[in-house]
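Per chain, numbering begins at 1; letters A, B, ... match sequence-line order. All heavy atoms count here, side chains included; hydrogens, waters and symmetry mates do not.
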Number of protein chains: 2
Amino acid sequence: MNKPVRKSRSGARRSVTIKDVARYAGVSPMTVSRVVNGGQYVSDATRQTVMQAVRQLGYSPNLAARNLASARGERMGLLYGNPSASYLSEFLVGALDAATRHGVQLVLEKCEMTPAASRRAVRRLVAGGVVGVVLPPPLCESAVIRAELQAARMRIVAVAAGRPPADAMCVSIDDFAAAREMTQYLLALGHTRLGFIKGHPNQTASEERWRGFAAAIEEHGQLPQPRVEQGFFTFRSGLDAARKLLAVEPLPTAIFASNDDMAAAVMAEAHRRGLEVPNDLAVVGFDDSLIAANIWPGLTTIHQPIAQMAGEAVDMLVAAVRGGRRGAAAEPVHRQVAHEMITRESAARPRSAA
Amino acid sequence: MNKPVRKSRSGARRSVTIKDVARYAGVSPMTVSRVVNGGQYVSDATRQTVMQAVRQLGYSPNLAARNLASARGERMGLLYGNPSASYLSEFLVGALDAATRHGVQLVLEKCEMTPAASRRAVRRLVAGGVVGVVLPPPLCESAVIRAELQAARMRIVAVAAGRPPADAMCVSIDDFAAAREMTQYLLALGHTRLGFIKGHPNQTASEERWRGFAAAIEEHGQLPQPRVEQGFFTFRSGLDAARKLLAVEPLPTAIFASNDDMAAAVMAEAHRRGLEVPNDLAVVGFDDSLIAANIWPGLTTIHQPIAQMAGEAVDMLVAAVRGGRRGAAAEPVHRQVAHEMITRESAARPRSAA
DNA sequence: CCTCGTTTTGGTATCGCTACCATGTCTCCC
DNA sequence: GGGAGACATGGTAGCGATACCAAAACGAGG
C-alpha cells in the first residue's frame, strides 16, 4: 500500500534544487527561497548558512519553475525593421543581457514599415504571448506601429527616438545637444564654410540633429550660410548629397552628415574627386556605427551607448509590466543617457587656418 | 469542510490555459497537449476540434510550465569574442530565433582570447546553468576554449570554422570551394595578374580560402605567379597589405582579399593612389558583411547565410542535449550549408581585355 | 504574568504543463 | 473466439519554485 517508488523522470543527473540546499543547510525550502531572493525577515545567521550551502552545492535556481510559480516569465518582443542600422548587433547584446537578468524571454520579430506588415508582425507577437515591446529606430518613429501595439495592450519602449513620443516610454540620447556639440567642435577647429546632410525626414532624430547644428551656427554668428542637403540615412543618399555639396564653389571645408553611413559616402565621393580627408575636407558623422572605425581615415562621430540603451529599455519594460500588474500607475517614463564624442582622424583644422 | 475557495494569485486576468482549451473542446488536457505538440495517436476529428478551440481562445502554451514539466528549458550559451565580426548582429538574430523556437534560453557571454579570460567566461557559463555553447568565429578556432568547455562537459557547436574541429559539432560553408569559385570568376573576367591577401593565420578558414584561390590558379595554368600578402582580417592589416601589393610594378589587375574589411581597405588605398575601382583594379572580398554594400563601389563577395548557420547551430545543440539525455550517441555532426557569390560593382574586366 | 506586535521559520497548495501508466476500443489473425 | 497489437483517450503525479497563511520565538508594556 506504499506509494510506488518514483524514479527520476529523466535518467540524467538532476541538477541541484532548492530542496537539496534546504536539506544541506538544515532549513526549509522557503527560507532558502527568501535568502536567494533577498527577502527580509531572515536572520543573519541563517542567511550565512544558506548562502554557504548555495555556494557549496553550486545551486542556481530553475528559471522555468520560478517563472511558473511567480507567474512571471513574460515574453518581451523586439520589433526590428531596417537592419541597415548596424545598431542591431549591439542592440541585441544589450537587450538579451537584460532579458536574461530578469528571466524574461526575448522574442524577435522583423517588420517592414508598411501598415500591413506591421499589423502582421503585431499579430505574431500577440500570438507569441508577448506583453511588451522594445522598438529600436527607425520603427520607434512609426505612429502606425505604436498605435497597432497599443491596440493590443502592449507596453512599449521606444529607443533613440529624437523626440520622445507622448504615448510610449522612451530611452534616448540628447540628439540636439550632441549635434550642437559636434558642430561647435568643427567651428572651434576653425571651419567656417560648413555643409550639412540631413537625415530621413520622417525620423524625429533627424530634426533634432539638424536643430542642434543650426543652433551652434546661430550661437557662433558671423558665418556664411551653411549649405544643406537632404539625405535619408543611406549610403546612396549620402553620395547624392555629397555630389551636390561638392559641385558648387566655394566648397565647404567641413561636412557634418547626420549619420555614419552618409559620412562614409561623403568620404568616398571626396576621394573620388581627389580631395584629401581631413585636410581638404573635414567629415564627421553620427552614431559611431561599425563602419566609422573601419574606413580610412577613421570617422569622428557621436557614440551612442546602444547596448546600454537597449538594456535599459528592457529594464523599463519589465518594471512597467510587473509594476502594472500590481496596479502601479504606468505613466510613460523618458530616460536620457549620455552620449560621447569620438574623435578620430576625419576632422582637422582647415587648410586656410593651418 | 470544503476546500477554501482559491482566489487567483495575481489579480490580473489569467491567460488561457490548457485546461480552458480542454473544457472548451470537451476533451482532456492530455489530448490538447498531444495536439499542440503534434503527437501521434490523436484522431483527425479530435485534432480539428482542439485546434479550433485553440484558435477561438487564442491559447498559447506557457513556456515556463512546459519547460518545467518536460525538464527541458536548458540554457544555451553563446560565447562571442571579437565583435569586429559584423557577423554578430545577424548571428544573434538567427541564434535567438532558433532558441525561441525550441524554448531554450540563450545566454550571452563575451570573452577575450586569452586563456585566463576564457577560463573566466566558461566559469560564468557554468554558473549560469548553461549546458551547450555556440562558438562563432573566431572563438571556434581556439583549442584552449574548446578544451575548457569540454572540461565543463558542455556540448559545443563551432560555426564557420574553416576545417571542422575533431572534438566538436560544426556548421560551416565550404570556404575552399567558395574561394575557388570567386577566383574562377576573376579569371573568367580575363584577369591574369592577381593579388591575394590572406586571413589571420590562426584561423583555419584563412587557409581554406587560400587553398581555394591557389587551386583555381593551378587549374587555370599559364598564369604569372600571383602576389600574396599576409593579412589579419582587420581593416588596418588590409591597408598594409594593399600598400605592399600596389607598390610594385606591374600592378595586379585584381585583388582578392580574404574578407570584406580588408577588401574595403584595398579599395580605400586604391582610391588614394588614383586607381579607379573596378576599371583599374578589381577588388573582391569574402563574408558579405555590412560594409560590403555600404561602400562605393559595392563589393563583390561571398555571402554566408549567417543567421541560418547560427540557427542550425542552436538546433544541433538542442538535439544533442535532448538526444544525449535519452542516451543517443552524441557523435560529432558536421553540417555544411550553401554559400552564394554576390556580384556587385567592384569587379569588372581588366582594361587590357576591354 | 499575560497580551500584543514584530521578527523568523515552516507547511501547504498551487503555477501550467507533460511523463507515465491505465483504460478502452477496434482490427487482425491464428 | 480470444489474445495480440495498434490506436485513442483519460487519470494521476509530479517538475522546482513561490504565495499565502499559520505557527513559533522573542521582546516590550501594562
**Request:** Would you mind reading off the distance between Asp20(B) atom CG and dC15(C) atom C1', rounded to a whole angstrom?
**Result:** 13 Å
**Complete:** The side-chain contact (heavy atoms from CB on, under 4.5 Å) partners of Val131(B) (sequence neighbours excluded) come to Glu74(B), Met76(B), Val321(B)
**Request:** Round to a whole Å and report the spacing from CD1 of Ile18(B) to C1' of dG11(D).
**Result:** 14 Å
**Request:** In whole angstrom, give the distance that lies between atom OH of Tyr59(A) and atom C1' of dT18(D).
**Result:** 10 Å
**Message:** Could you report the tightest heavy-atom contact between Ala22(B) and Val32(B), atom names first, then the distance?
**Reply:** CA-CG2, 3.7 Å
**Fill in**
With sequence neighbours left out, the residues meeting side-chain hydrogen bond (donor to acceptor under 3.5 Å, both in side chains) with Arg119(A) are none
**Asked** Do you know the tightest heavy-atom contact between Pro29(B) and Lys19(B)?
**Response** CG-CG, 4.3 Å
**Asked** So, Thr31(A) and Ser28(A): side-chain donor and acceptor under 3.5 Å apart, yes or no?
**Response** yes
**Item:** Closest non-hydrogen atom pair between Ala320(A) and Met169(A), with its separation
**Value:** CB-CE, 3.8 Å
**Prompt:** Between Asn67(A) and dC15(C), is there a side-chain N or O to OP1/OP2 distance below 4.0 Å?
**Reply:** no
**Nucleotide dC15(C), atom C1' - distance to CG of Leu63(B) in whole Å** = 14 Å
**Message:** I need the residues from residues 26-36 of chain A with at least one non-hydrogen atom less than 4.0 Å from DNA chain D; give them sorted by number, or say none.
**Reply:** Met30(A), Ser33(A)
**Asked** Considering residues, nucleotides and ligands other than Glu112(A), do more than 12 of their heavy atoms fall under 6.0 Å from its CD?
**Response** no
**Asked** Nearest of dG16(D), dA19(D), dT18(C) to any side-chain atom of Ser70(A)?
**Response** dA19(D)
**Message:** Just the rounded figure in Å: distance from P of dC15(C) to CG of Leu68(B).
**Reply:** 13 Å
**Message:** To check you understand the geometry: which heavy-atom pair defines the closest contact between Cys140(B) and Arg146(B), and what is its length?
**Reply:** O-NH1, 2.7 Å
**Five-pair end axes of the helix from dC1(C)-dG30(D) to dC30(C)-dG1(D), angle between them (10°)** = 50°
**Request:** Grab the CG-C1' distance between Asn62(B) and dG16(C) for me, whole Å please.
**Result:** 6 Å
**Request:** Please list, chain by chain and in numerical order, all residues satisfying side-chain hydrogen bond (donor to acceptor under 3.5 Å, both in side chains) with Glu312(B), sequence neighbours excluded.
**Result:** Gln308(B), Arg335(B)
**Prompt:** Reading nucleotides 3-8 of chain D from the 5' end, what letters show protein touch, with B for base, S for backbone sugar-phosphate only, - for no heavy atom under 4.0 Å?
**Reply:** ----SB
**Prompt:** Are Arg66(B) and dG16(C) close enough that a side-chain N or O sits under 4.0 Å from OP1 or OP2?
**Reply:** no
**Item:** Closest non-hydrogen atom pair, Ala152(B) against Val122(B)
**Value:** CB-CG1, 4.2 Å
**Asked** Closest approach of Tyr59(B) and Thr17(B), non-hydrogen atoms and distance?
**Response** CE1-C, 3.6 Å
